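Accompanying notes for the structure given below.
Computed over heavy atoms, backbone and side chain alike; hydrogens, waters and symmetry mates excluded. If you're wondering where the values come from, they're calculated on a predicted model, not measured in any experiment. In each ligand, atom 1 is the first atom listed, and ligand 1 is the first ligand listed.
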Amino acid sequence: MTDTTPIATVLVAGSGTMGRGIAKSFAEGGFEVSILSRDPARLTDLPAGVTALSELPAAAPDLIIETIIERMEDKRALFARLSAAYGDAPIVGSNTSGLPLPDLAAAYGHPQRFVGIHYLQPADVFPMVELICLPETSETVLQRTAVAIRRTAKEPLIQRKAVPGFLVNRLQHAILHEAYHLVETGVCDVEAVDNVAKYLLGPRMCVTGLIQQKDIGGLETHALAQRAIVPHLHHGAEPNPILQTLYAEGKTGLSAGQGFYDWSGQDPKDVRRDATAKLNQLLAYLKSLVGGPVG
Ligand SMILES: NC(=O)c1ccc[n+]([C@@H]2O[C@H](COP(=O)([O-])OP(=O)(O)OC[C@H]3O[C@@H](n4cnc5c(N)ncnc54)[C@H](O)[C@@H]3O)[C@@H](O)[C@H]2O)c1
């Protein structure tokens with residue numbers, strides 16, 4: 001018989017940056033939440049109402065969200081473990097950023113009960129979550145998961161095809177690919193790109209989105225501009241060398257003290273806390289100005 005009972009128990013597998021945020025949002029939504037960690041004693045600052053576990057619980061949770069390191073073999077090992085422990089009882093979702101969902105679902109062995117649940121960092125702050133189906137995912141599983149996500153005060157952004165990068169990262173990487181190319185070829189510096197994002201494109205997108213804004217501005221100008229500009233965009237399929245070089249040199253951003261910007265002398269915790277506080281303020285104001293996301 002098809003199980004249509006509401007999801008009540010949630011296990012978050014992985015206690016890093018994303019796992020904690022995801023667990024917090026489900027706990028605030030009134031779910032019974034546990035978090036699976038290889039070292040639960042280290043988790044001294046867990047969100048209220050979240051229990052840390054070192055082993056899988058005896059009873060199958062209704063929903064398990066995997067959010068461990070982005071490494072195929074580690075994720076596949078975890079899914080095989082979940083399958084051995086619970087069979088097809090739980091709905092299993094992966095927060096992978098880019099690994100192929102069909103390969104992850106195959107390791108669980110029950111693709112009809114598998115979805116992608118992709119959060120944006122900070123996971124407890126943003127009002128939308130990507131919810132991605134495989135061709136095999138059952139409609140009931142999709143809808144039960146969507147209802148649970150809505151109870152965490154987030155709107156699921158349902159995608160019925162699992163394309164690499166899903167929707168959010170595809171858009172983000174398309175613009176970043178062009179931005180890095182403009183920096184690499186000396187058109188502008190990184191500060192100019194960030195100022196365009198912060199003061200021009202970002203605010204406009206907040207009010208009228210990406211595509212609706214083009215309707216408002218008029219499609220004639222937009223269609224003619226596309227003809228003139230698109231042929232000159234960077235269409236290279238290689239990851240940008242500036243970024244790859246920074247990574248190879250260990251200049252991995254805020255935590256390393258150096259990335260595109262110089263972060264030396266700054267406490268990463270303070271910088272992240274400040275950014276999250278500002279994001280919270282902005283999202284609250286946006287909600288009052290343009291409303292929340294529509295399902
Ligand atoms: N950070 C982001 O902005 C972001 C956004 C969306 C999705 N994601 C995805 O979320 C997942 C987790 O990312 P994160 O940023 O929280 O990483 P993180 O490094 O903060 O946390 C990863 C956690 O996985 C644990 N871990 C590592 N190997 C493991 C194993 N073999 N078995 C069990 N646990 C293991 C680590 O101890 C750590 O607690 C990744 O798949 C990532 O791609 C990250």
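The protein residues lying under 4.0 angstrom from ligand 1, judged by non-hydrogen atoms, are Ser15, Gly16, Thr17, Met18, Arg38, Thr67, Ile68, Ile69, Glu70, Asp74, Lys75, Asn95, Thr96, Ser97, His118, Tyr119, Gln121.
Taking 4.5 Å as the limit, some side-chain heavy atom of Ser255 sits within range of a side-chain heavy atom of Arg272. Using a 4.5 Å heavy-atom threshold, the side chains of Pro90 and Leu82 count as separate.
In this model, a donor atom of one side chain and an acceptor atom of the other lie less than 3.5 Å apart for Glu70 and Thr96.
Taking the centre of each ring, Phe260 and Tyr180 come in below the 6.0 Å mark.
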From CA spacing to verdict: side chain to side chain donor-acceptor pair (under 3.5 Å), Glu66, Ser94 = CA-CA 5 Å; Glu66 169 280 312; Ser94 174; 2.5 Å; yes
Determine all donor-acceptor pairs shorter than 3.5 Å in which one atom belongs to a side chain in residues 244-252; sequence neighbours excluded.
unit_1: Thr245; atom_1: OG1; unit_2: Pro241; atom_2: O; d: 2.7
unit_1: Glu249; atom_1: OE1; unit_2: Lys251; atom_2: NZ; d: 3.1

